[in-house]
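To start, the structure under review is shown below, and the notes come after it.
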Amino acid sequence: MKITIVGGGGFRVPLVYAALLEVSERLGVDELVLHDVDVERLARIENVLHGLAEESSRQLPFRSTTDLEAAVADADFVLCAIRVGLLEGRVVDESVPLSQGVLGQETTGPGGICFALRTIPAMMEIAEAVAEHAPDAWFINFTNPAGMVTEAVQRVLGDRAIGICDSPSGLCRRVAAALGRDPGELWFDYFGLNHLGWLKGVRDGKRDLLPDLLADDERLRGFEEGRLFGGEWLRSLGMVPNEYLYYFYYAAETVDAVRHSESSRGAYLLEQQREFYAHDGQSSSQALAGWRSTRHDRERTYMAEARLAAGDEGDHQPAGNTGYETEAIAVMEAIALNTRTTLILNTANRSSLSFLPERAVVEVPNTVGKAGPVPAAMGTVPAHARALVETMKDIEQRTIEAALTRSRDQAIAALALHPLVPSVRTARAIFDGYRARLPELEEAFS
Ligand code: G6P
Ligand code: MN
């Protein structure tokens, strides 16, 4: 089996490699290829992977290339995590809306729209290469904004493109822990779009366990979403939202917190990643140690602005080896070994959420086996969640259209219709701000 990682010089690639070391024999992986457009980033990450391989008793040789066609040719799985415009672009995505008093965040709000506008065209090229050179490959997309990007590339790759995010499974695991139950024995009624989902029920075969949890402030304080949203608001919703909904429900507080923090998330990461990637000529064990401490700081400070706004003073507590690499491996394992496991993924809706079109990409539980993911029907959902999902899906689809047709009107409409943007004039100002700071956007939408 051949696996290709597009965006092979990315900071989180060692997580995928470490996870692959554990399962590659079971999956029959005999070829791993890393692709990137930047040889220097690739070289730093290769060094970290050598460090991981030296520590491990297992073997998984890999090679690197900047030739996309050769990288994906005849692959069985193509994992894709790229960042078009790098972290410099993220800083722009986040800071332009803030200058208009609107949330600045990489995937939620105007930032996600701007990020999608420059990412989707690049992703279409990758998808075309995969369609041509690896027609049987499963395309596992981590590239953000993952829901929009997956929906766009499905135009080329159909159901073979699957979007992944670690936040729904993280939420389910934390809720299971708060309930004192093994998540593997429970069914999680989680529905929505990427970074816009809710857990509306937790079933153990006898009953829904969520109402009792929502009634118990003590247990709610024991996990991140409980502390972020607060028991009172969770009881009003009757559901537990994905952490990214903090930016909708507490938009004003987040804008304040971001404005008062030293630097935006993107600016903090830009600095820290620059330092990591600058190290040249290190031994592989030094590179691995540097990567580990950089990663530790990145995890600890994840979503700090939301916790700050919510008055939660602790650091983020990553739950062991449970990031997106775990989800990616789980999908590959489920398909390759036909396990028919349930995983929350971004796939075409079919009739999972009855109020959305069949081809709209949604984030819901899927049964995953050799035939790919098949989404579960999620039944009815509370009216306000349905309305927000419908609105955001409309915005996502306008953004995809804007990216593919270079339509300035659609881009501005997507921004103006966004619930976090207070007026059409503000939307125009944000769009102009983006164009002024991103030459590729200026060129595409002139
Ligand atoms: C979570 C989200 C990802 C996102 C990441 C950002 O894992 O699910 O979609 O990329 O957070 O983390 P960062 O360290 O880049 O702020
Ligand atoms: Mn995500």
Side-chain angles (χ1 to χ4, degrees), residues 7 10-16 79-91 93-95 103-109 111-112 115-116 119 140-151 162-174 190 192-197 224-225 228 241-247 254 257-258 261 263-274 276-277 291-308 315-328 331 343-347 361-364 392 396:
F11 187 75
R12 290 192 170 105
V13 167
L15 297 171
V16 178
L79 312 190
C80 181
I82 61 167
R83 185 177 283 283
V84 180
L86 303 168
L87 285 165
E88 284 83 350
R90 179 169 177 176
V91 172
D93 295 339
E94 293 173 347
S95 57
L103 172 79
Q105 209 279 328
E106 91 171 312
T107 60
T108 302
F115 193 12
T119 303
I140 302 184
N141 177 55
F142 308 125
T143 301
N144 266 330
M148 275 190 261
V149 166
T150 303
E151 186 160 324
I162 303 168
I164 288 201
C165 179
D166 55 340
S167 64
S169 58
L171 167 60
C172 295
R173 265 194 308 272
R174 289 186 285 273
Y190 182 93
L193 309 179
N194 181 236
H195 292 186
L196 191 93
E224 210 145 318
E225 288 81 356
L228 268 184
N242 181 294
E243 58 198 351
Y244 277 81
L245 275 154
Y246 190 82
Y247 300 126
T254 318
V258 175
S261 54
S263 63
S264 72
R265 178 68 176 161
Y268 165 79
L269 289 175
L270 178 63
E271 196 57 35
Q272 121 166 155
Q273 299 276 304
R274 239 185 216 154
F276 167 75
Y277 280 102
W291 175 80
R292 281 194 173 129
S293 74
T294 308
R295 175 177 176 239
H296 175 79
D297 287 343
R298 183 176 192 161
E299 293 288 322
R300 190 173 55 75
T301 53
Y302 170 67
M303 261 199 186
E305 72 286 357
R307 281 193 308 282
L308 181 69
D315 284 345
H316 173 65
Q317 315 252 296
N321 277 340
T322 49
Y324 73 37
E325 73 284 3
T326 313
E327 301 307 305
V331 178
L343 296 168
I344 299 173
L345 300 170
N346 289 269
T347 47
V361 165
V362 296
E363 194 169 80
V364 292
M392 288 309 303
E396 287 190 2

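Every number for a ligand or one of its atoms is a count from 1 in the order of the listing. Note that the numbering runs from 1 along the sequence shown for the chain.
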Answer yes or no: is there an ion pair linking E243 with R307, defined by an N-O contact shorter than 4.0 Å?
no
Only counting residues at least two apart or in another chain, list the ones meeting ring pair (Phe, Tyr, Trp, His ring centres under 6.0 Å) with Y244.
H195, Y247
Check step by step if side chain to side chain contact (heavy atoms under 4.5 Å, CB included) holds for C172 and I344.
CA-CA 10 Å; C172 295; I344 299 173; 3.8 Å; yes
E106 and R83 ion-paired at < 4.0 Å:
yes
H316 and its side chain to side chain donor-acceptor pair (under 3.5 Å) partner, picked from R300, E224, R298:
E224
Given side chains that start at C-beta, do those of P241 and E225 come closer than 4.5 Å, heavy atoms only?
no
Are R90 and D93 close enough for a salt bridge, meaning some N to O gap below 4.0 Å?
no
Taking ring pair (Phe, Tyr, Trp, His ring centres under 6.0 Å) as the definition, give me every residue that meets it alongside F142, ordered by chain and number, with sequence neighbours left out.
Y324
Output for ligand 1, non-hydrogen cut-off under 4.0 Å, lists R12, R90, E106, N144, C165, D166, H195, Y244, R265, L269, R298, Y302
Thinking salt bridges, do E325 and R12 make one under a 4.0 Å N-O criterion?
no
What protein N/O/S atoms sit under 2.8 Å from the Mn ion (ligand 2), by chain and number?
C165 SG, H195 NE2
